Amino acid sequence: MAKILELLFLTEDGKSIALSVADPIEPVDVEKVKTAMDTIIASNVFTTASGSFMSAKGVRVVERNVSEYEVN
């Protein structure tokens, strides 16, 4: 099971953008994540077609299960 921490941001145009972090530490420390997101917004290091990151929208952990099967 692969887990990913998704940091959700709103851009200047009001669009949602997600940054993904593999193998997050759980339980998630929401205060630390919020501080990191505020730092990302303040540093303005990411731009998208819909503009710069303007605010934090949310945080979520996504878990993915993959089952592979052989076909012969």
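Treat the numbers as computed from the prediction; the structure is a model and nothing was measured. Keep in mind that the numbers below use all heavy atoms, side chains included, and drop hydrogens, waters and symmetry copies. Sequence positions, counted from 1, serve as the residue numbers for this chain.
Residue Met37 is not grouped with residue Met54 when hydrophobic side chains (ILVMFWY) are merged at heavy-atom distances under 4.5 angstrom, including chains of intermediate members. Residues Leu10 and Leu19 are members of separate hydrophobic clusters, defined by side-chain heavy-atom contacts under 4.5 angstrom among Ile, Leu, Val, Met, Phe, Trp and Tyr. With hydrophobic clusters built from ILVMFWY side chains whose heavy atoms lie under 4.5 angstrom apart, Val45 shares a cluster with Val33.
Atom OG1 of Thr39 sits about 10.0 Å away from atom NZ of Lys34, to the nearest 0.5 Å. Atom CD1 in Ile41 sits 11.0 Å away from atom OG1 in Thr11 (nearest 0.5 Å). In this structure, CG on Leu8 lies 10.0 Å from CD1 on Ile17, to the nearest 0.5 angstrom. Atom OG in Ser52 sits 10.0 Å away from atom CG in Asp13 (nearest 0.5 Å).
Applying the ring-ring contact (aromatic ring centres under 6.0 Å, His included) rule to pairs touching residues 37-66 yields Phe9-Phe53, Phe46-Phe53, sequence neighbours excluded. Listed by first and then second residue, the salt bridge (charged side-chain N to carboxylate O under 4.0 Å, His left out) pairs that reach into residues 43-72 are Glu6-Arg60, sequence neighbours excluded.
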**Message:** Val59 vs Val30, test: side chain to side chain contact (heavy atoms under 4.5 Å, CB included). Steps then yes/no.
**Reply:** CA-CA 8 Å; Val59 178; Val30 177; 5.7 Å; no
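Side-chain atoms of Leu7 and Ile40, non-hydrogen and from C-beta on, do get closer than 4.5 Å to each other. Side-chain contact between Ile4 and Val61 is absent, with no heavy-atom pair separated by less than 4.5 Å.
Annotation for Glu12 and Gly51: closest pair OE1-CA, 3.1 Å, computed over non-hydrogen atoms.
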